[in-house]
Amino acid sequence: MHEKIDDFEEDLGPSKSSLKRDMHALQAIGTRLTELSDTQLKKIPIENESLLDAILLARRIKPHGGRRRQLQFIGKLMRKIDAQPIIDALSELDGQHQASSARFHRLEQIRDDLLSRGDQGIEAAMNLFPDAERNQLRQLLRQNQQEISAGKAPNASRKLFRYLRELDEAQFDENKDPL
C-alpha cells in the first residue's frame, strides 16, 4: 500500500505555484523584449515569427488593458518555444550595457580628475592615453577655466569628455582581438 502512495507522489510533476512562477518569468522576459530598441531586438535570436510579430504589436499598443493582454499572449508564446537562447542573448546584452556604463563612468572620472588637477592631471591622462595630444588637453582645460570664470555653459568640459571617449575607443579597438 505504501509503495503505491510513493509512486503516486513521484508522478505529480511540478507544483501549480512553480508553473505559475515560470509563466510569470517568461512573461517578464517578453515584456523586456518589447522594451528593446530595434537594433537590440535584431540581436535576439527569435525564431518564432508569431512571437516576433506579437512583440512588435505590443510596442504599438498603449499601456492599458490591451497591452496587458498582449503581454500575456507573448508569455503564452514564450512557453511554447525554447526560451533559453533568448534569455542568454538578453544576459549578453545586459553585460554589454554594464561594460559600456562602466567605461562611461571611468571616462567621466578621468575628465573630472583632469579638470580639478589642471596641468598636473594632464600627465595622468597622458599615461592612460599615450596617443593623446598634450596641447589639445591643455587648450580644453584653459577653455573650461575661462567658461567657469565667465559663468558660461561647460562646453569645453563636454568637448574634453568627447575627446577622451575618442581616445578610449581608439585604444579599445586596438586592444580588441581580431576574429
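Because only heavy atoms are used, hydrogens play no part in the values below, and waters and symmetry mates are left out as well, while side chains stay in.
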Exercise. Taking the side chain as every heavy atom from C-beta outward, state whether Leu41 and Thr34 have any atom pair closer than 4.5 Å.
Key: no
Quiz item: So, Glu147 side chain and Asn155 main chain: donor-acceptor pair closer than 3.5 Å or not?
Solution: yes
Self-check item: Carboxylate-amine/guanidinium proximity below 4.0 Å for Arg138 and Glu133
Solution: no
Quiz item: Crowded around Gln84 CD? As in, over 12 foreign heavy atoms under 6.0 Å?
Solution: yes
Practice problem: Check whether any side-chain N or O of Ser116 sits under 3.5 Å from a backbone N or O of Asp112 as a donor-acceptor pair, and report yes or no. | Solution: yes
Exercise. Supply the members, apart from Phe104, of the Ile/Leu/Val/Met/Phe/Trp/Tyr cluster built from side-chain contacts under 4.5 Å; use none for a lone residue.
Key: Leu107, Ile110, Leu114, Leu115, Ile122, Met126, Leu128, Phe129, Leu137, Leu140, Leu141, Leu160, Phe161, Tyr163, Leu164, Leu167
Quiz item: What's the verdict on side chain to side chain contact (heavy atoms under 4.5 Å, CB included) for Leu36 and Ile55, showing C-alpha distance, side-chain angles and the deciding distance?
Solution: CA-CA 10 Å; Leu36 296 176; Ile55 290 169; over 6 Å; no
Self-check item: Cluster check Ile87, Leu93: I/L/V/M/F/W/Y, side chain < 4.5 angstrom
Solution: yes
Quiz prompt | Heavy-atom donor-acceptor pair, Gln70 side chain to Ala54 backbone, under 3.5 Å | solution = yes
Quiz item: Do Gln72 and Gln27 come within less than 4.5 Å of each other through their side chains, counting heavy atoms only?
Solution: yes
Quiz item: Rounded to the nearest 0.5 Å, how far does CZ of Arg165 lie from CZ of Arg111?
Solution: 11.0 Å
Quiz item: Do Asp22 and Arg79 sit within salt-bridge range, that is, some charged N less than 4.0 Å from a carboxylate O?
Solution: no
Quiz prompt | Side-chain ion pair, Asp119 and Arg134, N-O less than 4.0 Å | solution = no
Quiz item: Is there a donor in the side chain of Ser37 and an acceptor in the side chain of Thr39, or the other way round, less than 3.5 Å apart?
Solution: yes
Quiz item: In terms of hydrophobic clustering (I, L, V, M, F, W, Y; side-chain heavy atoms under 4.5 Å; direct or indirect links), are Leu19 and Ile81 co-clustered?
Solution: no
Quiz prompt | Minimal non-hydrogen separation, Ala89 against Pro45, with atom names | solution = CB-CD, 3.4 Å
Exercise. Using the side chain to side chain contact (heavy atoms under 4.5 Å, CB included) rule, take Arg21 and Ser17 through it: C-alpha gap first, then chi angles, then the decisive distance, then the call.
Key: CA-CA 6 Å; Arg21 276 191 300 271; Ser17 298; 3.9 Å; yes
Self-check item: Derivation of the side chain to side chain contact (heavy atoms under 4.5 Å, CB included) call for Glu166 and Asp131
Solution: CA-CA 11 Å; Glu166 288 172 11; Asp131 296 337; over 6 Å; no
Quiz item: Are Leu51 and Leu57 connected, step by step, through hydrophobic side chains (Ile, Leu, Val, Met, Phe, Trp, Tyr) whose heavy atoms are closer than 4.5 Å?
Solution: no
Quiz item: Looking at side-chain heavy atoms only, is the closest gap between Arg106 and Asp168 below 4.5 Å?
Solution: yes
Quiz item: So does Asp38 pair up with Arg59, basic N to acidic O under 4.0 Å?
Solution: yes
Quiz item: Would Ile61 end up clustered with Leu56 when hydrophobic side chains under 4.5 Å apart are linked, directly or stepwise?
Solution: no
Exercise. Answer yes or no: is there a side-chain heavy-atom contact under 4.5 Å between Leu33 and Leu90?
Key: yes
Quiz item: Under a single-linkage definition using a 4.5 Å side-chain heavy-atom cutoff for Ile, Leu, Val, Met, Phe, Trp and Tyr, are Ile74 and Met23 assigned to the same hydrophobic cluster?
Solution: no
